[in-house]
Amino acid sequence: METTLLLVKPDGVQRGLVGEILGRVERRGLRLAALKLMHVPRTLAEQHYAIHKGKPFYNGLIDYIVSAPVVAMAWSGNKAVEAVRQVLGATNPTQAAPGTVRADFAIDIGRNLTHGSDSAENGAAEVALWFAKSELQDWKSASAAWVFE
Ligand code: DAT
Ligand code: MG
């Protein structure tokens, strides 16, 4: 069982794509464990993207993430990390497979709408960074047995 962090970035919220993106992951069969709309504090953005510090796009990336509200979600299930990344598509939207969120709705890499954790380890760490324990709901989905073998 994995938990992964999914962010609808400011462009996704501004463009009215929250429901579209959430719905694709929800219909995949994963279990929603946490959800909130928030203006990201710069310190959180810097912690979240610490691995990219020093890269040419880093400052622009931080400015973009803090520029307007994001929707943060935690999703749980077997292979949740891989399943969400697959729904989102490759980082660069023009290289993302057709049918993915980034290919269907985005063009520029710096406006790629979403973030998804890239490993089970990072999923656990990012969910703990973005959500307090009290914000995570441990509930049993009635459909779980029909999604997971
Ligand atoms: P992902 O978001 O697919 O995990 P990443 O972790 O490599 O991709 O990079 C984080 C974000 O930084 C990415 O969603 C968009 C931005 N980014 C990455 N590489 C970039 C580049 N070469 N130019 C501009 N922005 C970039
Ligand atoms: Mg990443």
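One is the number of the first residue; the rest follow in order along the sequence. Both counts, for ligands and for their atoms, begin at 1 and track the order of listing.
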Interfacing atoms of ligand 1 (cut-off 4.0 Å, heavy-atom, [X]):
X	answer
Tyr49	10 (C)
Arg102	2 (O), 3 (O), 14 (O)
Asn112	13 (C), 14 (O), 15 (C)

Inset, instruction - To the nearest 0.5 angstrom, please state how far the OH atom of Tyr58 sits from the CD atom of Glu46. - result: 4.5 Å
Among all the protein's non-hydrogen atoms, which is closest to [atom], and how far away is it?
atom	answer
atom 5 (P) of ligand 1	His52 NE2, 3.5 Å
atom 23 (N) of ligand 1	Ile109 CG2, 3.6 Å
atom 22 (N) of ligand 1	Phe57 CD2, 3.9 Å
atom 3 (O) of ligand 1	Thr91 OG1, 2.5 Å

Legend entry - For atom 4 (O) of ligand 1, the option (of Arg85, His115, His48) bearing the nearest heavy atom: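 The option holding the nearest heavy atom is Arg85.
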Legend entry - Under 3.5 Å donor-acceptor, Thr4 side chain and Trp75 backbone: no
Legend entry - N/O donor-acceptor pair under 3.5 Å between Lys36 side chain and Trp130 backbone: yes
Inset, instruction - Determine, using heavy atoms of Leu61 and all atoms of ligand 1, whether some pair is separated by less than 4.0 Å. - result: yes
Legend entry - Residue-ligand contact Lys55/ligand 1, heavy atom below 4.0 Å: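 Heavy atoms of Lys55 never come under 4.0 Å of ligand 1.
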Legend entry - Test applied, side-chain contact (heavy atoms from CB on, under 4.5 Å); reference residue, Leu7; option that passes from Met73, Glu126, His48: His48
Legend entry - Distance-only N or O hit between ligand 1 and Lys9, under 3.5 Å: yes
